[in-house]
Amino acid sequence: MSEIIFELKDVWFSYLGKFSALCGVDLTIAKGQKICVIGANGSGKSTLLHILDGLIFVDYGSVKFLGKELKEKSFGDENFSKDFRRSVGLVFQNPDVQLFCPTVKEDILFGPLQLGIDKLEIESRFEKLVRFLDIRHLLDRSPHQLSVGEKRKVAVTSTLIMNPDVLILDEPTDGLDPLTTRHIIDLLLEENENGKTIITSTHDLHIVQEISDCVYVFSQEKKIISSGSPDKILEDTKLLQDNNLIHIHRHKHDQTTHIHPHQHLEHHS
Amino acid sequence: MKKNNFIERSISGAVSFLKESIFADEYASKNGFLQSLDPRIKTLTFLMFIMAILFTKSIAILLCLYAACLVLALFSKINIGFFLKRTWIFIPLFSLFIAIPALFSIFTPGQTILTINIIGAKLIITRQGLSSASLFVTRVVTSVSFAVLLNVTTRHFELLRVLRIFKVPQIFVMTLGMCYRYIYLFLEIVENTYLAIKSRVGSRLHYKKGQEIVAWNISSLWQRSYYLNEAVYNAMLSRGYSGEPVLLNDFKIKSKDWAWLFSITLFFVIIILGGKII
Ligand SMILES: Nc1ncnc2c1ncn2[C@@H]1O[C@H](COP(=O)(O)OP(=O)(O)O)[C@@H](O)[C@H]1O
Ligand SMILES: [Mg+2]
């Protein structure tokens with residue numbers, strides 16, 4: 001039995017007390033797992049990830065991190081706060097939010113500098129990531145002047161450099177070209193092999209198989225409607241269709257019209 | 001039709017001009033003399049230059065300083081035409097409003113050189129007025145030139161960092177940085193809106209409609225910036241921010257920097273003492 005990292009029981013959350021975003025979510029995440037959260041836009045994926053990162057706190061229900069209740073109060077304790085930030089890293093859905101320093105280089109170094117990580121250690125991680133993601137030419141540029149794909153690479157780098165045990169990524173491959181997507185997935189798989197826990201949200205079914213060993217499906221009702229192995233979930237066309245993850249695809253071959261579900265697994269031609 | 005095109009062209013022209021002149025840092029990355037100095041030392045010596053300019057009462061010294069500024073620009077591989085254009089844009093703003101009244105006798109009494117009659121009102125240009133106005137203009141020209149030179153040869157983010165190192169309050173520097181970011185965002189939005197309008201309706205768009213769209217965009221910009229601030233704060237928290245950010249400091253002072261600092265300080269002291277004695 002491996003160590004439980006996150007344990008959520010009947011979690012409810014609403015923004016400003018009126019826009020409900022999570023309605024009764026139960027979830028358990030063990031160390032070293034690859035978790036994938038899928039669901040249509042607005043189904044509460046980002047909200048869940050922000051709760052896991054200790055940025056917002058539940059209205060009702062409980063969230064435990066390593067067996068300890070995660071509350072706003074807990075972050076008043078500087079040691080706990082530092083430990084938590086060091087062990088859990090989040091790549092935000094919107095890279096414009098995540099990148100706020102004047103240059104890419106400063107942005108990447110922001111996290112480790114705040115956490116007081118050793119200088120030589122920072123430098124070696126920096127070199128490795130910059131080389132791997134091929135972003136050296138961007139270092140002195142201003143993050144907000146980059147393309148979406150470049151921003152996302154920088155955002156991923158700025159979280160990976162903190163070397164967190166739990167890596168949370170909110171739609172990390174959204175807007176990326178196939179090669180960059182590949183790079184990022186490889187990087188995540190490598191991190192996972194080194195014992196890191198990976199939690200991703202996406203609605204790109206292409207990548208689900210690779211980046212998860214357990215999939216949670218969110219419905220429009222903002223709760224988990226199904227969960228299981230990626231094979232089981234991806235086979236369940238009805239479930240995916242009901243939750244806006246695939247759409248019926250209609251096209252013509254010669255004289256007959258075919259209707260079949262379109263899974264985003266192949267590209268249209 | 002023609003008018004519309006003209007407006008469109010002049011707006012995108014103005015936007016790209018602003019973007020280029022505020023955000024271009026091609027000169028800051030050239031390997032000229034000023035670019036090679038440590039930004040802290042450079043800022044310090046430029047402050048001394050500007051102080052010297054404000055203290056001195058001699059036009060000759062001012063002209064020498066102006067010449068020195070141009071020579072420095074040359075050594076820093078800056079196109080003089082670009083540099084002059086850049087400085088002379090700002091100069092009228094500063095000088096004309098303040099200097100012109102000083103030309104006339106109402107403000108600076110003295111020996112008459114020229115009398116202008118405007119519908120009964122007599123305007124008399126005096127020698128003292130003329131000389132103090134020209135002293136003033138030279139002073140403005142020279143100090144603006146130095147400020148622009150510092151700005152062109154130093155990256156924007158380095159200047160911000162220097163401010164932090166010189167103990168300018170955090171909140172001020174952050175605000176400045178955010179302003180910079182928003183100006184850019186704003187220019188992008190104006191530019192993109194015009195492109196979007198063009199792609200959707202061609203050029204047959206009534207300018208009134210265009211104005212509405214731009215106005216809507218500006219109001220959504222404010223909303224967005226409010227949301228952005230909260231979200232950015234979360235992003236900072238997520239990466240371990242706790243009150244005072246730890247900043248990167250990879251500036252290095254070389255012997256060249258010390259030599260430069262020493263000679264400029266010497267020069268500064270001479271100017272100040274010289275001014276006192278005369
Ligand atoms: N800052 C916010 N203020 C108000 N409502 C929000 C905010 N963020 C998200 N919501 C709402 O919460 C719900 C879940 O959103 P989110 O977690 O962002 O979904 P997803 O990431 O799956 O697209 C949506 O209905 C959305 O409208
Ligand atoms: Mg989301």
Side-chain angles (χ1 to χ4, degrees), chain A residues 15 46 49-50 52-56 72 75-79 81-117 119 122-123 126 140-145 155 158-159 161-162 164 168 170, chain B residues 19-20 22-26 28-30 35 39 154-164 173-189 191 221 224-251:
Chain A
Y15 287 97
S46 299
L49 300 188
H50 285 209
L52 295 181
D53 197 37
L55 295 175
I56 51 180
E72 190 151 19
F75 286 88
D77 175 1
E78 203 162 304
N79 286 330
S81 173
K82 240 186 187 140
D83 279 348
F84 184 85
R85 297 296 173 213
R86 204 186 294 240
S87 39
V88 182
L90 168 68
V91 178
F92 285 73
Q93 178 171 2
N94 176 1
D96 278 326
V97 164
Q98 182 157 6
L99 306 174
F100 45 80
C101 294
T103 64
V104 168
K105 182 174 181 187
E106 279 176 278
D107 232 311
I108 295 175
L109 295 178
F110 183 86
L113 282 175
Q114 308 315 306
L115 295 174
I117 295 172
K119 239 191 167 136
I122 297 180
E123 232 156 74
F126 181 77
D140 282 335
R141 304 237 335 247
S142 174
H144 56 268
Q145 294 174 347
S158 68
T159 303
I161 197 170
M162 291 160 69
I168 306 176
D170 201 349
Chain B
K19 241 167 120 174
E20 195 186 322
I22 306 177
F23 298 96
D25 56 3
E26 55 188 283
S29 44
K30 287 198 170 178
Q35 290 91 333
T154 319
R155 281 157 192 270
H156 169 80
F157 69 88
E158 285 179 334
L159 275 182
L160 286 186
R161 250 199 281 160
V162 167
L163 291 182
R164 272 305 286 147
V173 178
M174 286 264 260
T175 313
L176 221 69
M178 286 281 182
C179 276
Y180 181 80
R181 196 178 147 138
Y182 285 135
I183 292 174
Y184 191 84
L185 206 62
F186 176 73
L187 292 177
E188 285 272 91
I189 285 178
E191 206 173 37
L221 175 76
R224 234 192 294 179
S225 73
Y226 176 75
Y227 164 75
L228 204 67
N229 274 338
E230 200 181 279
V232 164
Y233 181 68
N234 269 347
M236 291 170 74
L237 279 186
S238 170
R239 286 200 271 159
Y241 171 77
S242 53
E244 174 79 354
V246 185
L247 285 185
L248 180 69
N249 187 355
D250 54 2
F251 293 148

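Note: hydrogens, waters and symmetry copies are ignored here, and every other heavy atom, side chains too, is used. Below, chain A is the first sequence line, B the second, and so on; all start at residue 1.
- Both the backbone and the side chain of A:S158 come within contact range of chain B, each with at least one heavy atom under 4.5 Å from a heavy atom of that chain.
- For the atom pair CE of A:M162 and OG of B:S238, the computed distance is 6.5 Å after rounding to the nearest 0.5 Å.
- Every salt bridge (Lys or Arg N to Asp or Glu O under 4.0 Å) that A:D107 has, sequence neighbours left out, goes to B:R239.
- Rounding to the nearest 0.5 Å places CD of A:Q98 at 11.5 Å from CG of B:N234.
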